[in-house]
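A note on names: the letters A, B, ... follow the listed sequences, proteins ahead of strands, and every chain is numbered from 1.
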Amino acid sequence: MPQAPLLIVLTGPTAVGKTSVAIEVARHLQCDIVSADSRQFYRELSIGTAAPTDDQLRAVKHHFVGQLSLEDPYDVSKYEAEVLDLLSVLFKKNPCVVLTGGSGLYLQAVYAGMDSLPDSDPRIRQQLREQFENEGIASIRQLLRKLDPDYYSTVDLANPNRILRALEVCMGTGAPFSSFRKSNPVPRNFNTIKIGLDLPRAELHNRINARVDQMIADGLVDEARHFYSLRHLNALNTVGYKELFDFFDGSISLEVAIEKIKTNTRRYARRQLTWFRKDKEFIWCQPSVNEVIECIISLEADGCRSDLLNEQRGNPETEGQAD
RNA sequence: GGUAUCGUAGCUCAGUCGGUAGAGCAAUGGACUGAAAAUCCAUGUGUCGCUGGUUCGAUCCCGGCCGAUACCA
């Protein structure tokens with residue numbers, strides 16, 4: 001029986017250096033990269049999402065970078081289905097694939113799967129949204145208590161998004177949201193190893209702050225201004241853009257907007273780490289190509305071209321830089 | 001060199017008529033199943049500049065020292 005293919009998950013907080021490490025690892029393995037970055041999906045956003053450069057995209061075949069436009073409806077379930085389809089193709093050519101990006105839910109959807117649910121009705125979503133905005137959170141809480149008392153007793157009742165999501169399923173299907181939530185990992189026909197990159201917090205913060213300054217120097221203000229009229233889109237409810245929209249409104253200065261981008265990026269990085277830490281299967285290492293390769297070898301990831309990896313041992317020339 | 005003011009959390013500051021202190025911002029921890037760079041919850045982290053004195057007790061009152069700022073020379 002042939003060895004199952006291997007998915008190498010490579011993640012970590014924003015700005016830690018995932019992109020360049022992933023590219024080097026993929027080059028050594030001669031495999032493709034699948035991105036799990038929910039904002040690099042949008043082809044219009046490049047500066048503010050620190051998307052891979054053209055050179056980087058040329059160095060290794062990337063998937064799920066710039067495949068969407070800002071107005072395209074998209075969600076994690078679609079992503080899961082599309083990635084699984086793609087992986088079945090990629091694994092025919094190569095025993096391994098690198099999955100990299102910082103969107104924890106999207107990564108999880110690939111390696112653990114989501115409970116299957118019917119598509120939601122945008123009209124119901126809109127109607128619930130209006131009810132929440134007009135009548136407040138108490139109103140949608142009461143509705144949830146009626147339609148799904150089980151979920152009501154466990155959900156974070158202060159979080160409108162949680163409540164609204166459950167309600168749209170209840171109303172769209174006529175069954176309680178909790179009846180769909182099995183929380184069982186979906187079997188996959190590939191193995192997964194999970195590697196998290198991290199740095200001392202102060203160093204990560206320095207990298208974040210410096211990267212934001214670089215984005216501004218690279219023209220982030222113009223990039224954001226270009227999409228000011230589309231600011232209502234979810235794709236633009238994004239660190240680096242929403243703060244600049246406030247600047248264009250005149251409600252804050254450019255200087256304050258830049259500081260807020262840095263602060264919100266630091267907080268985003270912290271939330272990412274909270275998410276990843278919960279999964280004890282992650283192996284943590286520095287954003288160094290050699291450390292990551294040693295890590296993959298140490299996990300005895302046979303079948304994933306460890307012959308190629310071993311050739312790279314003691315060849316420490318490439319270290320991660322940009323994310 | 002002289003005079004004055006100030007020195008409290010990472011930052012900006014409040015406060016204690018003497019009983020070891022609290023706001024904003026920053027930060028930290030957590031949650032998360034179809035918006036996830038989203039959304040939500042929780043948390044004060046401190047030799048109160050140093051050193052003597054008075055006092056049962058000093059971050060607070062007094063002296064000295066150090067540092068900062070302003071003005072005068």
Scan residues 112-169 of chain A for pairs that pass ring-ring contact (aromatic ring centres under 6.0 Å, His included), counting only residues two or more places apart or in two chains.
Tyr151(A)-Phe177(A)
Going by the rule side chain to side chain donor-acceptor pair (under 3.5 Å), which residues pair with Asp55(A) if we only count those two or more places apart in sequence or in a different chain?
Arg58(A)
List the atom pairs, with distances to 0.1 Å, where a side-chain N or O of residues 165-174 of chain A and a protein N or O form a donor-acceptor pair under 3.5 Å, not counting sequence neighbours.
| unit_1 | atom_1 | unit_2 | atom_2 | d |
| --- | --- | --- | --- | --- |
| Arg165(A) | NH1 | Glu168(A) | OE2 | 2.8 |
| Glu168(A) | OE1 | Arg125(A) | NE | 2.9 |
| Glu168(A) | OE2 | Ser120(A) | OG | 3.4 |
| Glu168(A) | OE2 | Arg125(A) | NH2 | 3.0 |
| Thr173(A) | OG1 | Val169(A) | O | 2.7 |
| Thr173(A) | OG1 | Ala175(A) | N | 3.1 |
| Thr173(A) | OG1 | Ala175(A) | O | 3.2 |

Residues in side chain to side chain contact (heavy atoms under 4.5 Å, CB included) contact with Glu291(A), at least two apart in sequence or another chain:
Cys285(A), Gln286(A), Ser288(A)
Please tabulate the protein-to-nucleotide N/O contacts below 3.5 Å involving nucleotides 41-46 of chain B, giving atom names and distances.
none

What pairs with Phe276(A) under ring pair (Phe, Tyr, Trp, His ring centres under 6.0 Å), at least two apart in sequence or on another chain?
Phe282(A)
Please work out which residues in residues 255-267 of chain A have a non-hydrogen atom less than 4.0 Å from an atom of RNA chain B and list them by number.
Thr263(A), Arg266(A), Arg267(A)
Enumerate, in order of first residue number, the stems that involve RNA chain B, defined as 3 or more consecutive Watson-Crick or G-U wobble pairs with both distances under 3.5 Å.
B:1-7 with B:66-72, B:10-13 with B:22-25, B:27-31 with B:39-43, B:49-53 with B:61-65
Those residues at least two apart in sequence (or on a different chain) that pass side chain to side chain donor-acceptor pair (under 3.5 Å) with Asp198(A) are none
According to ring pair (Phe, Tyr, Trp, His ring centres under 6.0 Å), who are the partners of Phe190(A), at least two apart in sequence or on a separate chain?
Phe91(A)
For residues 63-71 of chain A, which residues have at least one heavy atom under 4.0 Å from RNA chain B?
none
Enumerate the residues from residues 127-137 of chain A whose closest heavy atom to RNA chain B is under 4.0 Å, giving them by residue number; use none for an empty result.
Arg129(A)
